[in-house]
Amino acid sequence: MDPPGEVLTEETHQHHRPQQQQRRRGARSVEWTLIFAIIFSILSLLKLEPLARNSVQEHKSEIDHPSQLQSKPDIASLPPATRRTTKIVTITDFNYAHVALHWHQRLISVGYPPSQVVVVAADDETLSYFNKINSNDNKTSIQVEPMLHPSSPGWPISNSSIPLQKRRRRIFASRWIYVLHQLKLGHSILMSDADNIFVRYVDTATFEKSDTDVIHAYCWNFPVRFLSMGFIVCGGTMWLRGDGGVNGPAVKYVESILEQCKWDGLSKLREVDYTNHSIHQLPNLTTTAALCDDQQVMNSKFFSNTLNYIWDNNTRPNEGFWKAEASGKSLVTGHKFKFLDVDTAYRGPVDGYEEVHRENIPSLSNKTEEVVGNGKQCPDVNLNWIAMPTNTITDIPISDPAEDRVLRIKQWYDFCRNKKIMSDLEV
């Protein structure tokens, strides 16, 4: 509407045209701005929408097919508290290298990935032995690591100039140095003797997801001095948690073993900066190898209760050979421990063990003697995971300890595979 009282003459129209044109240009400018803004928004949405759709589809695919699309994180890039991986290791020198090779093959055959299985060498000859296998066979991939840094004064751990008994004690004591370093790096460790027989695959995530820090196996009758305790800790199979940090409960437990072994490098290892995630090798400690009977040390901690162990529900391991699972905690280190039942981790005679269940025979209800007969038992096929035969059955003594271990493995399959353990694995 025109302003009131104003006469619209040609002059007046001419006077108002520039203002009207200016207003129209302003309105058109606003309109064009709005149009461009709308077009730009539409183009942006059109451009981004496929990315968003692909992101949703990829996320869905990761849920549906995690093994195809989800990659495992780089362990070295993760802080210790978040790493949850178990390395399955055996310790060997050159004398037992071929036994360790069979051990590796058995683990792969039952389903463990080569990346999880590690042979830990005690001397240069063993390192060369497995590196040569890797270089000559493209199908074989064997992870081999030195027990100590090769430039350490304690290397090699195994040396033919060292008397046999002392050499064995150096190997079995110094393996705890390797274990301690790996735990501080964040790796959980399943430690196994090279003559252990893995009968079937058990996912180590079962242990990692538990609240247990150290898992033991029962021994049978050695060391003899601890028989009065009612059970014996086996040094041939053990799992230790590595995601508890550099001062976690399992770390404190291993440190207590090395302290009792009087290893002089413990204080130096405590000074290593494990926040440097680029560390992949053992630190070059200017120290000697450890030296002690580690199985005596582990058992003495229960026998003398130096770690102030308490048992869950005040229940200690049951009497007899076929012991059930038992668990508890150390009030000194804080580590929670568990013993696997004997069916799961069998340590005993190669042809099975004979034991009458005392609760079913009143005349034996208060006795623990073994009864001779034909009732020998192999471990339950539904439970057995690891077998650790203690002897061979032969009329001719075997002078070579390594060959004796090989025969034990073969005889185990002859005696107990045919009875209880169903496996086609060749040894």
Side-chain angles (χ1 to χ4, degrees), residues 72-92 96-97 100-122 126-127 130-131 134 140-149 157 171-172 174-194 196 198 201-210 212-217 235-246 248-251 253-255 257-258 269 272 274 277-283 294 335 340 345 385-386:
K72 294 182 179 180
D74 180 8
I75 295 301
S77 69
L78 298 176
T82 62
R83 301 176 194 166
R84 299 186 66 84
T85 179
T86 293
K87 295 173 73 170
I88 306 174
V89 304
T90 195
I91 310 294
T92 187
Y96 287 84
L101 176 60
H102 287 304
W103 171 89
H104 183 277
Q105 292 171 339
R106 288 193 301 275
L107 278 158
I108 303 306
S109 296
V110 298
Y112 290 99
S115 60
Q116 192 178 9
V117 184
V118 182
V119 174
V120 179
T126 304
L127 289 173
F130 284 101
N131 287 331
N134 286 334
T140 302
S141 177
I142 302 175
Q143 286 198 82
V144 57
E145 298 176 0
M147 194 187 307
L148 291 181
H149 196 289
I157 301 297
I171 293 172
F172 285 104
S174 298
R175 65 177 178 166
W176 292 103
I177 305 173
Y178 171 87
V179 169
L180 181 58
H181 178 71
Q182 295 299 318
L183 296 182
K184 285 176 174 283
L185 282 175
H187 297 290
S188 296
I189 294 294
L190 174 57
M191 191 157 52
S192 163
D193 282 352
N196 285 1
F198 284 78
Y201 176 86
V202 173
D203 193 343
T204 54
T206 304
F207 309 139
E208 295 159 5
K209 293 176 182 178
S210 72
T212 306
D213 301 299
V214 178
I215 296 178
H216 298 285
T237 296
M238 184 178 299
W239 181 85
L240 303 106
R241 179 177 298 282
D243 60 1
V246 294
V251 167
Y253 171 71
V254 175
E255 287 181 343
I257 292 175
L258 289 169
L269 191 62
V272 175
Y274 284 93
H277 305 312
S278 64
I279 296 176
H280 291 291
Q281 286 189 318
L282 289 164
D294 65 327
H335 79 272
L340 298 174
W385 173 38
I386 298 174

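Counting begins at 1 with the first residue of the sequence. What you see below is based on every heavy atom in this structure, not just the backbone, and it leaves out hydrogens, waters and symmetry mates.
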> Parallel, tilted or perpendicular for Phe198 and Tyr112, by the 30°/60° rule?
Replying inline: perpendicular
> Residues in salt bridge (Lys or Arg N to Asp or Glu O under 4.0 Å) with Glu145, at least two apart?
Replying inline: Lys87
> Taking only residues two or more places apart in sequence, or in another chain, which ones meet His104 in a side chain to side chain donor-acceptor pair (under 3.5 Å)?
Replying inline: none
>> With side-chain contact (heavy atoms from CB on, under 4.5 Å) as the criterion, how do Val179 and Met191 come out once you've worked through the C-alpha distance, each side chain's angles and the decisive distance to 0.1 Å?
In response: CA-CA 9 Å; Val179 169; Met191 191 157 52; 3.7 Å; yes
> Looking at Ala100 and Val119, what are the two nearest heavy atoms and their distance?
Replying inline: CB-CG1, 4.3 Å
>> Would Ile189 and Leu183 count as a side-chain contact (heavy atoms from CB on, under 4.5 Å) here? Give the steps.
In response: CA-CA 7 Å; Ile189 294 294; Leu183 296 182; 4.2 Å; yes
> What pairs with Asp213 under side chain to side chain donor-acceptor pair (under 3.5 Å), at least two apart in sequence or on another chain?
Replying inline: none
>> For a quick test of reading the model, state the closest non-hydrogen atom pair linking Thr90 to Ala194 and the distance between them.
In response: OG1-N, 3.0 Å
> For His187 and Thr85, what are the C-alpha separation, side-chain angles and deciding distance, and is it a side-chain contact (heavy atoms from CB on, under 4.5 Å)?
Replying inline: CA-CA 6 Å; His187 297 290; Thr85 179; 3.4 Å; yes
>> Please give me the minimum heavy-atom distance between Tyr178 and Pro146, naming the atom from each residue.
In response: CD1-O, 3.9 Å
> If we only count heavy atoms from C-beta on, is the Met238 to Val214 side-chain gap below 4.5 Å?
Replying inline: yes
> Can you tell if the side chain of Val144 reaches within under 4.5 Å of the side chain of Leu127, non-hydrogen atoms only?
Replying inline: yes
> What pairs with Asp294 under side chain to side chain donor-acceptor pair (under 3.5 Å), at least two apart in sequence or on another chain?
Replying inline: Arg175, Trp176
>> Given 3.5 Å as the limit, does a donor-acceptor pair link the side chain of Gln116 with the main chain of Ile88, or not?
In response: no
> Out of curiosity, Gln105 CD to Leu101 CG, how far, rounded to the nearest 0.5 Å?
Replying inline: 4.5 Å
> Hey, what do you get for CD1 (Ile157) to OG1 (Thr126), rounding to the nearest 0.5 Å?
Replying inline: 11.5 Å
> Quick one: side-chain contact (heavy atoms from CB on, under 4.5 Å) partners of Ala345, sequence neighbours excluded?
Replying inline: Ala217, Leu340, Met388
> Have Trp103 and Ser192 got a donor and an acceptor in their side chains that come within less than 3.5 Å?
Replying inline: yes
> Any idea which heavy atoms bring Ile108 and Pro113 closest together, and the distance?
Replying inline: CD1-C, 4.0 Å
>> As an exercise, state the distance from CG of Leu240 to OH of Tyr253, rounded to the nearest 0.5 Å.
In response: 7.5 Å
>> Going by side chain to side chain donor-acceptor pair (under 3.5 Å), name the residues that satisfy it together with Thr237, two or more places apart in sequence or in a different chain.
In response: Asn196
>> I need the Ile91 CD1 to Ile171 CD1 distance, nearest 0.5 Å.
In response: 9.0 Å
> Would you say the side-chain atoms of Arg241 pair up with the backbone N or O of His335, donor to acceptor, closer than 3.5 Å?
Replying inline: no
> About how many Å separate CD of Glu255 and CG of Leu269, when rounded to the nearest 0.5 Å?
Replying inline: 7.5 Å
>> Walk me through whether Thr204 and Trp239 qualify under side chain to side chain donor-acceptor pair (under 3.5 Å).
In response: CA-CA 9 Å; Thr204 54; Trp239 181 85; 5.9 Å; no
> Taking all non-hydrogen atoms of both residues, which atom of Tyr201 and which atom of Val110 are closest, and how far apart?
Replying inline: CB-O, 3.1 Å
